Amino acid sequence: MNSVRCFGVAKEIVGDQRLKMEIEGLSISEFKTLIQQKFPEFATIKGYMVAVNQVYALDSQVLSNNDEVAIIPPVSGG
Amino acid sequence: MNSVRCFGVAKEIVGDQRLKMEIEGLSISEFKTLIQQKFPEFATIKGYMVAVNQVYALDSQVLSNNDEVAIIPPVSGG
Amino acid sequence: MNIEVLLSKEKLSIDRCYSSVVDEACGGICLFVGTVRNQNKGKLVTYLDFESYEPMALKEMKKIAEKGIHKMGANHISIYHRTGYVGISDIAVIIAVSSIHRKIAFEVCQYCIDQLKETVPIWKKEFLEDGSYWVGARP
Amino acid sequence: MNIEVLLSKEKLSIDRCYSSVVDEACGGICLFVGTVRNQNKGKLVTYLDFESYEPMALKEMKKIAEKGIHKMGANHISIYHRTGYVGISDIAVIIAVSSIHRKIAFEVCQYCIDQLKETVPIWKKEFLEDGSYWVGARP
């Protein structure tokens, strides 16, 4: 089980800053599909990136349960 | 008689920060020719502007003795 | 070639940020200071709340500064960002860039703030008189 | 639309210059700080001496700021310049520009410093280890 970190609007959609889920072997694309099935509200935001071990991940990257995974909605610093 | 203000390298060439001279009726071009006759070293600098009443003057402008006249060598602020 | 990146719940100091990039060999320092505006898209803003994914945000800020120095030719760069509650007119971000000549300082400072707004995982929640929302999250 | 221009024999304050352009409606402030470098064209500089034609310099600084606001769209502009003796790393000039959006603040700040170096009657005498000269005066 992984504890996916959720920030900003993602934290509000998920209802928590951590989301427990099984991610082992999923590609980022598959992970995103799963997230959108669990929380259809993600379809209403402008999109989001996934960071793995604090680096933006490509869609093809494959996850393991040891990874630090985070949902990164559109950033708005500055 | 006017008391022409001299700054920077012009002050050094003239040897004083004020230069007493008759300017009534001279154009800026004529004024510059006169200055260069009195102080040939002006030919060795990069050029200079003349300000009349604290505004840059055109070559055709005609001076009167009441004007505040200044020799403005290349500026180097900042 | 110094880089300083900072996320802080306390007020940001322009003097500290400036001092961190001063160098006897550098003649030009460009600073950008981003403050909280009292309105956005015609609505009155009362305050902001900044959330960050801190370790990743610091890494992304460092990447920006590294590019500004190694690819774009700046000498020193500091990037400070506030987190948590920030009131109107308070400073949300300060970027200071020094370089030998000023043109590069301007270019790199602008690059840093443009890039920060694109890639650094920091989120701004805007509190209006009648509610709040995450800026830029929804179409 | 505030303009502040200053020539000062005393040390210039970034905080004062910054504060003079802060505005609740403005989100972006760009500052340029010009400091004295310890070398120029390969020679070691020990200090500078700035002379100004004060009333005209203030007028020219004001003209630059007016163009930055009325033609280029900035909200507030302050231009401070030091006069007299200035040591290495000391601040010779500070320009602060605020605007609603940051792009204009950057553009106008760069315009102000570029223009100041072209038109404002201020002269810099550079003191080296082995002499002194008026910068830019001779070919």
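All figures in this text were calculated on a predicted structure; none of them were measured in a lab. Naming: A, B, ... by sequence-line order, numbering from 1 per chain.
The candidate from Y133(D), F32(D), W123(D) with the greatest count of non-hydrogen atom pairs under 4.5 Å with chain B is W123(D).
With a threshold of 4.5 angstrom between heavy atoms, Y53(D) approaches chain B through its backbone and through its side chain. With a 4.5 Å cut-off on non-hydrogen atoms, Y48(B) does not touch chain D at all. Of the two parts of K117(D), the backbone and the side chain both hold a non-hydrogen atom closer than 4.5 Å to a non-hydrogen atom of chain B. Heavy atoms closer than 4.5 Å to chain B are found in both the backbone and the side chain of V135(D). Contacts of E60(D) with chain B are made by side-chain atoms alone, with heavy-atom separations under 4.5 Å and no backbone atom involved. Neither the backbone nor the side chain of T35(D) comes within less than 4.5 Å of any heavy atom in chain B.
Under a 4.0 Å N-O distance rule, the pair E54(D)/K59(D) does not qualify as a salt bridge. Salt-bridge check for K63(D) with E66(D): failed, with every basic side-chain N at 4.0 Å or more from each acidic carboxylate O. With salt bridges taken as basic N to acidic carboxylate O contacts below 4.0 Å, none links K41(D) and E126(D). Salt bridge absent: K11(B) and D16(B) never bring a charged side-chain N and a carboxylate O closer than 4.0 Å.
N53(B) and D67(B) share a side-chain donor-acceptor pair at under 3.5 Å. In the model, Y80(D) has a side-chain atom that pairs as donor or acceptor with a side-chain atom of R16(D) under 3.5 Å.
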